[in-house]
Structure formats: structure tokens, C-alpha cells
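Everything below concerns the one structure shown next.
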Amino acid sequence: MDKTRFVYILIGGFFGSALRESLLLSLPGAFSTLLVNITGSFVLGYLMYATELGFFSERERYVVGFGFCGGLTTFSTFIVQTMQLPGSIALLNIMVSIGFCLVSVFLGRVFAKKGLGA
């Protein structure tokens, strides 16, 4: 299972990373990083809760959750961009990014709960 899990994460990560890079190239800057992190957080919140309810398999969780969402979101780019911003803007970027990502995970969970009738 470990080798299979590795392949699932690799495949999902490839597509998530490709999507992130295409978005970052078309909309450079901290806003695009915020957008991919919020989107990935929402999908991950939805997927984790739906998997708990049995709507997705462990394989799908590895491909989409750990692979795709892991490749789509980027903490390292967020940190580098934040360090390049002026002090007060950097602090605002940190608070907005973390706050919106946490809210997105919660909203993903709420959407899964309502959408799946749980």
C-alpha cells in the first residue's frame, strides 16, 4: 500500500502543481498565492469531511487531498512573498492568508455536510 499511496500522491501532486503554476504565471503576486491556498483549503476541508462520511475512498483522499491539494497550495511561496512585502503589509498578508484558509476549510466542511445530506 505504501508504494501505491506514493503513486497516488505523485499523480495528484503533478496536477495540483501544474494548476498552481499556471495560475501563478497568469496572475503573479501574493494575491494568486492567496487564491490557490484558499481554494486548496476549501477542497481539502470538503474532501476530509466527505471521506469521514464514506463518500470518498482512501485512494481518492490520497490523490486529491494529499496529492492535488498539497501540490496546489504553497506555504513556501507564501512565506517568500510575505518576506518581500513591507512590514505592515506582510503582517496583513499573514493574518488574511491564515484567516481565510481556516475559514475555507470550515466552509468546505459545511458544504460537504449540507451537500451530502449528513
Side-chain angles (χ1 to χ4, degrees):
M1 178 61 188
D2 288 340
K3 289 180 183 175
T4 305
R5 186 175 66 198
F6 175 79
V7 172
Y8 292 152
I9 293 171
L10 184 70
I11 292 169
F14 171 80
F15 288 106
S17 297
L19 178 60
R20 179 191 58 192
E21 190 58 26
S22 67
L23 289 172
L24 294 179
L25 288 173
S26 63
L27 186 62
F31 181 73
S32 59
T33 303
L34 177 65
L35 182 65
V36 296
N37 285 339
I38 288 172
T39 303
S41 296
F42 178 84
V43 172
L44 195 56
Y46 184 94
L47 182 72
M48 292 299 137
Y49 189 67
T51 302
E52 287 176 19
L53 297 175
F55 286 93
F56 292 104
S57 68
E58 285 296 311
R59 179 182 59 196
E60 292 163 331
R61 188 172 77 140
Y62 283 119
V63 172
V64 178
F66 299 134
F68 182 80
C69 289
L72 177 64
T73 59
T74 174
F75 187 72
S76 57
T77 302
F78 161 70
I79 292 298
V80 169
Q81 289 175 335
T82 299
M83 295 303 293
Q84 294 171 339
L85 295 171
S88 60
I89 302 298
L91 182 60
L92 180 65
N93 189 44
I94 292 168
M95 292 184 334
V96 167
S97 293
I98 292 173
F100 277 117
C101 287
L102 288 172
V103 169
S104 293
V105 169
F106 176 75
L107 288 176
R109 186 177 171 93
V110 169
F111 272 64
K113 187 175 183 177
K114 287 190 176 206
L116 301 173

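The backbone N or O of I94 sits nowhere less than 3.5 Å from a side-chain atom of S97 that would complete a donor-acceptor pair.
In plain terms, the two heavy atoms of F55 and E60 that are nearest each other are O-OE1, 4.4 Å. Heavy atoms only, all atoms of each residue included: I38 and C101 are closest at N-SG, 4.0 Å. Looking at every heavy atom in both residues, N93 comes nearest to A30 through OD1-CB, 4.4 Å. Counting all heavy atoms, side chain and backbone alike, L47 lies closest to G65 at CD2-N, 3.2 Å. For the residue pair S104 and S41, the shortest heavy atom distance occurs at CB-CB, 3.9 Å.
The CG atom of L44 sits 10.5 Å away from atom CG of L72, with the distance rounded to the nearest 0.5 Å. Between the CG atom in L23 and the OG1 atom in T39 there is a gap of 8.0 Å [rounded to 0.5 Å]. For the atom pair CD of E21 and OG1 of T74, the computed distance is 9.5 Å after rounding to the nearest 0.5 Å. Between atom CZ of residue F31 and atom CG of residue L35 there is a gap of 5.5 Å, rounded to the nearest 0.5 Å. Atom CZ in R61 sits 8.5 Å away from atom CD in E52 (nearest 0.5 Å). Atom-to-atom distance recorded for N37:CG and F75:CZ is 9.0 Å, nearest 0.5 angstrom.
At a threshold of 4.5 Å between side-chain heavy atoms, the hydrophobic network of Ile, Leu, Val, Met, Phe, Trp and Tyr places V80 and V36 in two separate groups. A continuous path of ILVMFWY side-chain contacts below 4.5 Å connects V103 to Y46, so both sit in one hydrophobic cluster. In the hydrophobic clustering of this structure, F68 groups with F14; members are Ile, Leu, Val, Met, Phe, Trp, Tyr whose side-chain heavy atoms approach within less than 4.5 Å, directly or through other members. Side-chain heavy atoms closer than 4.5 Å link hydrophobic residues (I, L, V, M, F, W, Y) into clusters, and following such links, possibly through other members, connects V64 to L116. Note on M48 and L53: same hydrophobic cluster, where clusters join Ile, Leu, Val, Met, Phe, Trp and Tyr whose side-chain heavy atoms are under 4.5 Å apart, directly or indirectly.
Taking the ring centroids of F42 and F111, they lie under the 6.0 Å cut-off.
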